[in-house]
Novice: 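Questions regarding the structure given below will be posed in turn.
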2 protein chains.
Amino acid sequence: MTRLVPRLDAEESAAWLALVSLLELLPSALDSQLQRDSELTHFEFAVLSYLRFSPDQTQRMSALAVGTNATLPRLSHVVTRLERRGLVERTPCPEDRRATNAQLTDAGRRELVRATPGHIAFVRRVVIDSLDREQLGQLAAIATAITGTLDPEGRFAALPG
Amino acid sequence: MTRLVPRLDAEESAAWLALVSLLELLPSALDSQLQRDSELTHFEFAVLSYLRFSPDQTQRMSALAVGTNATLPRLSHVVTRLERRGLVERTPCPEDRRATNAQLTDAGRRELVRATPGHIAFVRRVVIDSLDREQLGQLAAIATAITGTLDPEGRFAALPG
DNA sequence: CCAACATGGTTGTCGATGCAACTATTCCCG
DNA sequence: CGGGAATAGTTGCATCGACAACCATGTTGG
């Protein structure tokens with residue numbers, strides 16, 4: 001049988017292995033930092049941040065899910081926990097009674113404001129400062145190309161608005 | 001109070017947001033493909049692959065943990081599951097009686113051989129083919145720089161040998 | 001030589017996530 | 001209109017991973 005899928009050559013394989021290590025190490029590093037300093041996971045931080053920059057600090061669950069690259073069940077569970085902690089509030093959406101709005105509370109905003117500087121410092125130290133300006137642009141292009149292939153319709157990773 | 005940690009500027013922020021999306025989307029895509037086609041998680045696949053290219057298809061648990069960027073408890077749980085499925089065997093290490101060797105079984109090797117082409121095809125389609133040759137090198141350099149900052153001693157991501 | 005400490009690994013528990021099943025609304029079309 | 005399909009979201013269950021506690025073996029300094 002013919003080999004339909006050629007092995008990865010040396011360069012391909014080097015890039016892939018380096019990326020795999022990154023995928024394994026960076027998320028846990030982000031979670032550790034946020035957990036240690038603010039008792040938030042990186043995903044929870046993303047949810048709160050997304051709300052913060054949304055009109056009226058509010059979004060529909062489904063829009064929030066898309067904006068944070070999450071599935072709706074996952075988001076629902078996370079919002080439940082955040083709600084228990086008083087950082088977020090659910091309110092039924094008046095225009096569509098199937099829908100639910102999630103809104104950042106004042107306490108949530110304060111938590112986020114407290115957590116953000118340390119998190120940015122960490123991102124800067126680990127990611128930004130490890131690269132030069134040129135690499136920063138390359139990284140954006142590379143990551144965008146790959147996520148574009150994963151999500152051709154571009155449903156995810158929209159900015160709040 | 002002075003702002004000790006400057007915000008991210010437009011380029012920094014674009015790179016960071018693109019990377020965050022990648023960190024969210026790519027791992028679940030890898031897991032989905034492997035789970036669907038081979039009932040393996042990406043991490044299990046990595047463990048089996050690492051063993052496959054180790055002398056005598058064997059490694060000590062701690063070396064395997066380092067090689068796969070995992071903590072020892074996590075690895076131990078995963079090896080337990082793989083062992084239950086007959087893909088891996090644990091044997092006490094004769095030289096150091098605290099240590100445990102994990103060895104790929106014949107069944108494990110067969111499973112891996114069956115799973116690999118589809119996985120490589122997926123990696124090629126999603127990652128490699130989304131980039132040109134130049135970007136491949138850039139990706140390796142960027143990922144290596146970031147993981148290097150996360151893990152200055154370079155303990156992780158060693159190749160089997 | 002043995003008491004403390006270090007190393008290698010496992011286990012228990014708990015929090016987090018995916019998936020499937022379910023409810024409730026809304027949309028669409030004959 | 002009325003009924004079926006689509007959409008929005010929640011919930012239950014099973015699995016996976018982190019963390020801490022633990023056991024066993026090895027190492028080392030007094």
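A note on names: the letters A, B, ... follow the listed sequences, proteins ahead of strands, and every chain is numbered from 1.
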Novice: Among C:dT17, C:dT10, C:dC19, which is the nearest nucleotide to the side chain of A:R81?
Specialist: C:dT17
Novice: Which part of the nucleic acid, if any, lies within reach of A:D96 when heavy atoms closer than 4.0 Å are counted: base, sugar-phosphate only, or nothing?
Specialist: sugar-phosphate
Novice: Can you check the A:L30 CG to D:dG17 P distance for me, whole Å?
Specialist: 18 Å
Novice: Under 4.0 Å between a side-chain N or O of B:R36 and OP1 or OP2 of C:dC19?
Specialist: no
Novice: Rounded to the nearest Å, what distance is computed from the CD atom of residue A:E39 to the P atom of nucleotide D:dC19?
Specialist: 13 Å
Novice: Is any side-chain N of the basic residue among B:D31 and B:R36 closer than 4.0 Å to the acidic one's carboxylate O?
Specialist: no
Novice: Check every atom of D:dG26, C:dC19, D:dC19 against the side chain of B:R98 and return the nucleotide holding the closest atom.
Specialist: D:dG26
Novice: How far apart are the C-alpha atoms of A:R74 and B:E24, what are their side-chain angles, what is the distance that settles it, and do they pass the salt bridge (charged side-chain N to carboxylate O under 4.0 Å, His left out) test?
Specialist: CA-CA 13 Å; A:R74 179 185 183 190; B:E24 204 61 62; 2.8 Å; yes
Novice: Reading DNA chain C from 5' onward, which residue's closest nucleotide shows up sooner: A:T41 or A:P73?
Specialist: A:T41
Novice: Without decimals, in angstroms, what is the distance between A:R85 CZ and C:dA16 P?
Specialist: 9 Å
Novice: Mapping B:T80 and A:E44 onto DNA chain C by nearest heavy atom, which one lands closer to the 5' end?
Specialist: B:T80
Novice: Between D:dA24, D:dG17, C:dG9, spot the one nearest the side chain of B:T100, thanks.
Specialist: C:dG9
Novice: Under 3.5 Å, is there a donor-acceptor pair linking the side chains of A:N101 and A:T58?
Specialist: no
Novice: Taking only side-chain nitrogens and oxygens of B:S62, does any of them come within less than 4.0 Å of OP1 or OP2 of C:dG8?
Specialist: no
Novice: For A:E24 and D:dA18, what is the distance between atoms CD and C1' respectively, to the nearest whole Å?
Specialist: 13 Å
Novice: Taking NZ, NE, NH1 and NH2 as the nitrogens, is one of them in B:R114 or B:E39 under 4.0 Å from a carboxylate oxygen of the other?
Specialist: no
Novice: For A:V127 and A:L26, what are the C-alpha separation, side-chain angles and deciding distance, and is it a side chain to side chain contact (heavy atoms under 4.5 Å, CB included)?
Specialist: CA-CA 9 Å; A:V127 176; A:L26 186 49; 4.3 Å; yes
Novice: If I take atom CG in residue A:L75 and atom P in nucleotide D:dT11, what distance separates them, rounded to the nearest angstrom?
Specialist: 13 Å
Novice: Phosphate oxygens OP1/OP2 of C:dT10: is one of them under 4.0 Å from a side-chain N or O of B:R90?
Specialist: yes
Novice: Without decimals, in angstroms, what is the distance between B:H77 NE2 and C:dG8 C1'?
Specialist: 16 Å
Novice: Relative to the 5' end of DNA chain D, which residue comes earlier, B:F43 or A:A63, by the nucleotide with the nearest heavy atom?
Specialist: A:A63
Novice: Rounded to the nearest angstrom, tell me the gap between atom CE in A:M61 and atom P in C:dA24.
Specialist: 18 Å
Novice: Does the C:dT25 base have a donor-acceptor partner in the side chain of A:R97 within less than 3.5 Å?
Specialist: no
Novice: Would you say B:R74 reaches D:dG17's phosphate, i.e. side-chain N/O to OP1/OP2 under 4.0 Å?
Specialist: yes
Novice: Between atom CG in B:L34 and atom P in C:dG18, what is the gap in whole Å?
Specialist: 16 Å
Novice: Output the single nucleotide from D:dG17, C:dT10, C:dT25 whose closest atom is nearest the side chain of B:L72.
Specialist: C:dT10
Novice: Determine, for A:E12 against A:R7, whether the closest basic-nitrogen to carboxylate-oxygen distance falls under 4.0 angstrom.
Specialist: no
